[in-house]
There are 2 protein chains.
Amino acid sequence: MTITIKDVAKLANVAPSTVSRVIANNPRISKATAQKVKKAMEQLGYHPNLNARNLASQSTQTIGLVMPSSGDVVFQNPFFPTVLQGISEGAHEKQYAMHITTGKTDKEILDAVTRMVQGKSVDGVILLNSKVEDQVISYLKGREFPFVLIGKPYKDVEEITHVDNDNFRAMKEATEYLIQHGHSQIAFIGGSLELTVTVERLLGFERALRNAKIPLKNEYIIHEEFLREGGQEAVRELMSLEERPTALVVADDFMALGVLNMLDELGIKVPEDISIVSFNNVLLAEMSKPPLTSVDINIFDLGYQASKSLIQMIENSKEPTKRIIIAHKLVERLSCAEPIK
Amino acid sequence: MTITIKDVAKLANVAPSTVSRVIANNPRISKATAQKVKKAMEQLGYHPNLNARNLASQSTQTIGLVMPSSGDVVFQNPFFPTVLQGISEGAHEKQYAMHITTGKTDKEILDAVTRMVQGKSVDGVILLNSKVEDQVISYLKGREFPFVLIGKPYKDVEEITHVDNDNFRAMKEATEYLIQHGHSQIAFIGGSLELTVTVERLLGFERALRNAKIPLKNEYIIHEEFLREGGQEAVRELMSLEERPTALVVADDFMALGVLNMLDELGIKVPEDISIVSFNNVLLAEMSKPPLTSVDINIFDLGYQASKSLIQMIENSKEPTKRIIIAHKLVERLSCAEPIK
DNA sequence: TTGTACGCGTTATCAT
DNA sequence: ATGATAACGCGTACAA
């Protein structure tokens with residue numbers, strides 16, 4: 001009942017193969033027949049069967065997306081819709097479709113990836129969750145299957161194509177910004193050290209302090225889950241220190257929102273009593289009280305470049321630049337001020 | 001070079017069709033050969049080619065997801081990651097994969113849907129954006145292609161399978177909650193009237209007031225884009241009314257955050273000077289200042305039920321219940337209090 | 001219970 | 001420039 005290439009061929013009085021060529025925009029086909037065929041396709045409302053095409057051509061025009069375990073709280077982060085937009089845009093430009101996988105456990109995820117890779121459902125994969133000892137990465141590398149990682153790989157940095165920010169520099173600059181505004185008691189609030197972002201940013205933080213000859217204090221460094229309660233306690237402790245920080249760098253806007261609340265509860269005013277610079281610059285940053293000075297890491301572009309590179313890998317089968325760095329930019333709002341003497 | 005069903009057959013000393021049967025768990029196959037074949041598959045690391053399977057069986061085990069135009073600000077709403085989780089879970093349980101489409105314009109979206117439907121890439125579709133005069137819906141209905149809508153259709157409510165909240169009742173209850181707490185000057189802040197949710201909620205709001213014999217005031221009803229600036233102005237106007245409201249119902253947590261800020265700027269305290277009930281109960285609601293009393297609409301379940309129903313439609317080809325209502329629940333936090341006399 | 005043979009809708013390789 | 005024809009890898013009706 002579905003109309004195939006043969007029906008079109010019959011109507012246009014040509015061979016099926018000719019129709020196929022017209023679809024593929026094969027150059028050596030006469031204008032005349034091309035028109036004739038196109039008209040027939042139009043008339044019949046023909047649409048190619050993608051499964052048949054994929055089977056014959058040994059390639060789908062599809063990229064696979066691997067999301068983090070859906071259990072993760074990170075999932076709630078506006079980060080994801082935004083990268084997705086970027087990826088989608090890059091894919092769309094090259095007429096690629098998107099296949100998406102999630103899973104509650106790491107095993108589920110690996111299984112899903114295996115199915116879609118071996119099942120030949122996709123030509124390449126984008127990973128949104130760079131974890132320590134990532135099985136998916138090992139698997140993909142082992143099969144030499146095209147993939148790009150958003151974020152920084154925990155190892156084999158030289159071999160894995162990835163798109164990332166220069167988190168070291170971004171955090172260094174953010175810290176320097178505070179130093180330039182007269183702060184010297186600056187604390188760091190970041191997520192789990194298992195995430196490479198956290199490590200990079202912490203290093204950038206430390207470097208900035210060292211450059212400015214400001215001594216590092218362990219009590220000024222806090223690691224908590226990006227979201228939720230854990231952080232609250234930590235902030236409370238931090239603020240009850242004898243020598244309380246006058247400024248905070250926070251690794252994520254969402255987290256900063258939590259910090260903001262805690263501070264409010266403690267009766268500490270931002271930016272009067274304490275300054276805050278946070279990261280990501282999602283919509284939230286401009287809606288908080290006060291609006292957050294935040295480092296824009298260009299989430300959309302992270303996704304966009306990822307899909308561009310992946311498609312390039314797939315099509316040219318020549319590796320693109322292994323490492324793609326997306327620019328960042330400090331967006332000043334109202335959460336910073338000079339420290340009180 | 002890829003290993004096929006034939007390789008497995010050869011190794012197991014059976015016919016390809018036998019292998020196929022084993023994969024399909026065909027009952028009439030001897031335990032013995034089943035084991036033999038499975039072992040061979042294991043040994044060779046066999047994975048079925050999904051394209052070939054789809055082509056032969058005329059069915060993919062895949063559901064399509066249609067996201068709203070990526071240009072929309074709504075996209076930033078944590079709503080989406082969460083429905084996606086729900087959908088994914090439902091799909092996973094039945095071993096379905098997910099194909100996702102976005103687009104910047106309505107036309108792009110329609111094209112993408114057409115390609116994936118006619119291209120036989122999916123067995124059914126879930127729509128995440130019920131718009132007025134939705135072309136995608138018309139298209140899908142026209143082809144009698146299985147689909148379910150998350151939200152309420154703008155028309156043909158009886159014919160379109162959809163999963164939704166009882167937004168009328170939810171808002172009615174939220175309003176009654178405020179009335180019970182002694183409020184009678186209650187304002188409504190909602191999104192565009194083109195969204196059926198808004199309409200439903202507005203009606204629920206009005207009904208609650210009418211039931212309580214509280215006169216409706218036009219100045220107390222505001223429609224603005226769910227997010228961003230538009231709302232700010234509106235709130236300012238609202239609060240400068242001679243008879244200022246003592247309570248607000250807001251259609252979305254994100255929006256409520258903006259309202260909260262505006263109120264703060266105006267020096268109006270929540271909940272002392274004004275109470276707020278908002279909707280959706282995303283993570284944000286518990287992180288704002290003060291934490292928001294919000295109606296939990298069970299976003300995850302919205303997605304979960306949607307995929308369950310869709311798969312049922314696909315497999316039984318008998319229509320499931322046309323209308324599936326997900327329960328809601330008011331979650332009390334700290335944004336409400338008795339009005340000051 | 002198992003094997004044979006054909007079809008699913010395209011693309012690609014040869015011819016012409 | 002176009003037409004036959006053989007894959008692509010799997011499901012399935014029919015036969016055995």
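Proteins get letters first, then strands, A, B, ... in listed order; numbering begins at 1 in each. Note that the structure is predicted; figures quoted are calculated from it, not measured.
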May I ask you to list the residues of residues 4-37 of chain B, by number, that have any heavy atom positioned under 4.0 Å from an atom of DNA chain D? B:T4, B:I5, B:S17, B:S20, B:R21
Can you name the closest pair of heavy atoms from [X] and [Y] and give their distance?
{"X": "A:V163", "Y": "A:V148", "result": "CG1-CG2, 3.8 Å"}
{"X": "A:V125", "Y": "A:M116", "result": "CG2-CE, 3.8 Å"}
{"X": "A:A34", "Y": "A:I29", "result": "CB-CG2, 4.2 Å"}
{"X": "B:N298", "Y": "B:A327", "result": "ND2-O, 3.4 Å"}
{"X": "B:A12", "Y": "B:K36", "result": "O-CE, 3.3 Å"}

Apply side chain to side chain donor-acceptor pair (under 3.5 Å) to B:R115 and list each qualifying residue two or more places apart in sequence or on a separate chain. none
For A:S30, side-chain contact (heavy atoms from CB on, under 4.5 Å) partners two or more places apart: A:A32, A:T33
side-chain contact (heavy atoms from CB on, under 4.5 Å) partners of B:Q61, counting only residues at least two apart: B:Q95, B:Y96, B:E315
A:M41 and A:I23, any side-chain heavy atoms less than 4.5 Å apart: yes
Please report the distance, rounded to the nearest Å, between [atom1] in [X] and [atom2] in [N].
{"X": "B:L50", "N": "D:dG11", "atom1": "CG", "atom2": "C1'", "answer": "14 Å"}
{"X": "B:I3", "N": "D:dG9", "atom1": "CD1", "atom2": "P", "answer": "11 Å"}
{"X": "A:L55", "N": "D:dC10", "atom1": "CG", "atom2": "P", "answer": "9 Å"}

For A:Q58 and D:dA7, is the shortest distance between a side-chain N/O and OP1 or OP2 below 4.0 Å? no
Contacted region of DNA chain C by chain B, from 5' end to 3' end of the hits, cut-off under 4.0 Å to heavy atoms, spans C:dT1 to C:dG9
What's the verdict on side chain to side chain contact (heavy atoms under 4.5 Å, CB included) for A:V37 and A:Y46, showing C-alpha distance, side-chain angles and the deciding distance? CA-CA 11 Å; A:V37 170; A:Y46 167 78; over 6 Å; no
At 10 degrees resolution, what angle do the end axes of the helix from C:dT1-D:dA16 to C:dT16-D:dA1 form when each is taken over five base pairs? 30°
